[in-house]
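One structure is given below, encoded as structure tokens.
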Amino acid sequence: ISFFQPIAFSKKKDQNLIAYVDRKKIYLRDFKNGLLLKHFDFRKGSIKHIEFCYDSQTLFSESYSNLTWWDIEWGRPILNVESPRDKFPFYGHKIGKITYSKVDVDNFICLIADNYSEYRKNHSISENRVHLFDLKNGHSVQFTTDYQENIELLCIDSKMKTFISASKYGNIIKWNVETGEKMHVFSEYPSLKSLKQIQFLEFRKNGNQLVIGNTNGEVYFWDYLTGEFLAKTYNLDHGYLWITPPDIFAPNGWLFTDRPDLVSLIEMNKDDNKNPIFIYEDDKRFKEYMKIYNDKEMVLTRLNDYQRYQELLNIRLENKKIIKNQLQSQLKVKLLSE
């Protein structure tokens, strides 16, 4: 290879394929034995991205001028589409300054966010828009203008019923594909404030969760149907740290970590809230807190089985009530004996 070029691995577990670009060819190899299987020739532009489709029979490539789907078995293109460019017509629509574009390679869908300016009737207008194009059938599915901010990130669900937009100010919104109407605004806990450092906005494979990751190594998880924030984790050099939002039992949220050194506890003086007292690892109160709230089961069930999480929460609340009643009963006995 002359220099580093786009590379992709097959998404099918039993298909040991790797694809990479070198000069004006895309090569396919079996990465277990290194055998060259075939290559595809492309004539125009430089390819900046390649990706295997989930059907394991198709390879997608994106250049600065074209979007191409290749039949892996025959080594030839099955669909070739001109890439959208700023201020060029695309499928009959004038495209303004593109703020984000994303191709759903499995459904032949292209999402484009743009800022379009035009002079109309003695005044200029500026619109933030999102276009949804059906690349396979060659027409526009939907386009909406109900945006107050530039859109920085987009993703669409696997059933193509809804899509998500995220602005640079941290507003995450779910939209109806068919009508273009706003369906839901995702809760912000903790507040993201700015999405300038967001690396990706994607659905988990089951389609039930929305995931956002940023350049600070933070990964956020939301319930896609309700928009409720579920948990946050960190990309650490070693160890792990998961945090959930507060609930009725855990006022500061649940933890799942083997890095207590990353956990900060403070004791607030009611008379002087500006001068908190830090509680360190060797403090008995710190150990008791971690014993109660550093709970793998509560974190992971909240993330993966919310119904079970509610059941566990009710069990803990009932246990807390029983312990409280027992303590009150013991206190009464002690008072009577005195």
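Being a predicted model, the structure only gives us computed values, none of them experimental. Quick note: residue numbers are just sequence positions, from 1.
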**Request:** Apply side chain to side chain donor-acceptor pair (under 3.5 Å) to Tyr309 and Glu297, showing your working.
**Result:** CA-CA 8 Å; Tyr309 164 75; Glu297 188 175 29; over 6 Å; no
**Prompt:** Thinking salt bridges, do Lys102 and Glu202 make one under a 4.0 Å N-O criterion?
**Reply:** yes
**Request:** Without swapping roles, check the side chain of Asp305 against the backbone of Thr301 for a donor-acceptor pair under 3.5 Å.
**Result:** no
**Fill in**
side-chain contact (heavy atoms from CB on, under 4.5 Å) filter on Asn107, not counting sequence neighbours, yields Asp104, Ile109, Met160
**Request:** Would you tell me whether Asn16 and Asp30 have side-chain atoms, one donor and one acceptor, within less than 3.5 Å of each other?
**Result:** no
**Prompt:** Taking the inter-plane angle between the rings of Tyr220 and Phe229 on a 0 to 90° scale, is it parallel (under 30°), tilted (30 to 60°) or perpendicular (over 60°)?
**Reply:** tilted
**Message:** Applying side-chain contact (heavy atoms from CB on, under 4.5 Å), can you list everything that pairs with Ser10, at least two apart in sequence or on another chain?
**Reply:** Lys12, Gln15, Leu17, Phe52
**Fill in**
The complete set of salt bridge (Lys or Arg N to Asp or Glu O under 4.0 Å) pairs with one or both residues in residues 53-80, sequence neighbours excluded, reads Lys48-Glu62
**Prompt:** How is the hydrophobic cluster of Tyr64 composed, in terms of its other members, when Ile, Leu, Val, Met, Phe, Trp and Tyr link through side-chain heavy atoms under 4.5 Å apart, directly or indirectly?
**Reply:** none
**Message:** Asp258: which residues meet the side-chain hydrogen bond (donor to acceptor under 3.5 Å, both in side chains) condition with it, sequence neighbours left out?
**Reply:** none
**Message:** Connecting only ILVMFWY residues whose side-chain heavy atoms lie within less than 4.5 Å of each other, what is the rest of Val81's hydrophobic cluster?
**Reply:** Phe60, Leu67, Trp69, Ile78, Leu79, Phe90, Tyr91, Ile95, Ile98, Val103, Val105, Phe108, Ile112, Phe133, Leu135
**Message:** Which residues pass the side-chain contact (heavy atoms from CB on, under 4.5 Å) test with Ser124, not counting sequence neighbours?
**Reply:** Tyr119
**Request:** Over all heavy atoms of both residues, which pair between Leu59 and Phe40 is shortest? Give the atoms and the distance, please.
**Result:** CD2-CE1, 3.8 Å
**Backbone of Lys136 reached by a side-chain donor or acceptor of Asp134 within 3.5 Å** = yes
**Item:** Non-neighbouring partners of Glu118 that pass side-chain hydrogen bond (donor to acceptor under 3.5 Å, both in side chains), sequence neighbours left out
**Value:** Tyr116, Arg120
**Request:** Grab the two heavy atoms, one from Thr257 and one from Tyr240, that are nearest each other, plus how far apart they are.
**Result:** OG1-O, 2.6 Å
**Item:** Thr162-Trp175 side chain donor-acceptor pair, cut-off 3.5 Å
**Value:** no
**Message:** Among residues at least two apart in sequence or on other chains, which ones pass side-chain contact (heavy atoms from CB on, under 4.5 Å) with Ser65?
**Reply:** Lys44, Ser63
**Asked** How close do Phe249 and Leu313 get, heavy atom to heavy atom, and via which atoms?
**Response** CB-CD1, 3.5 Å
**Prompt:** Which residues satisfy the side-chain hydrogen bond (donor to acceptor under 3.5 Å, both in side chains) test with Tyr289, sequence neighbours excluded?
**Reply:** Asn252
**Request:** List for me each residue that meets side-chain hydrogen bond (donor to acceptor under 3.5 Å, both in side chains) alongside Asp41, sequence neighbours excluded, and say none if there are none.
**Result:** Lys25
**Prompt:** Is the shortest distance from a Lys or Arg side-chain nitrogen in Asp295 or Arg316 to a carboxylate oxygen in the other one below 4.0 Å?
**Reply:** yes
**Asked** Is there a donor in the side chain of Lys232 and an acceptor in the side chain of Tyr234, or the other way round, less than 3.5 Å apart?
**Response** yes
**Item:** Charged N-O contact under 4.0 Å between Asp114 and Arg129
**Value:** yes
**Prompt:** Ser61 and Trp70: side-chain donor and acceptor closer than 3.5 Å?
**Reply:** yes
**Complete:** Residue pairs meeting salt bridge (Lys or Arg N to Asp or Glu O under 4.0 Å), one or both in residues 240-251, sequence neighbours left out, come to none
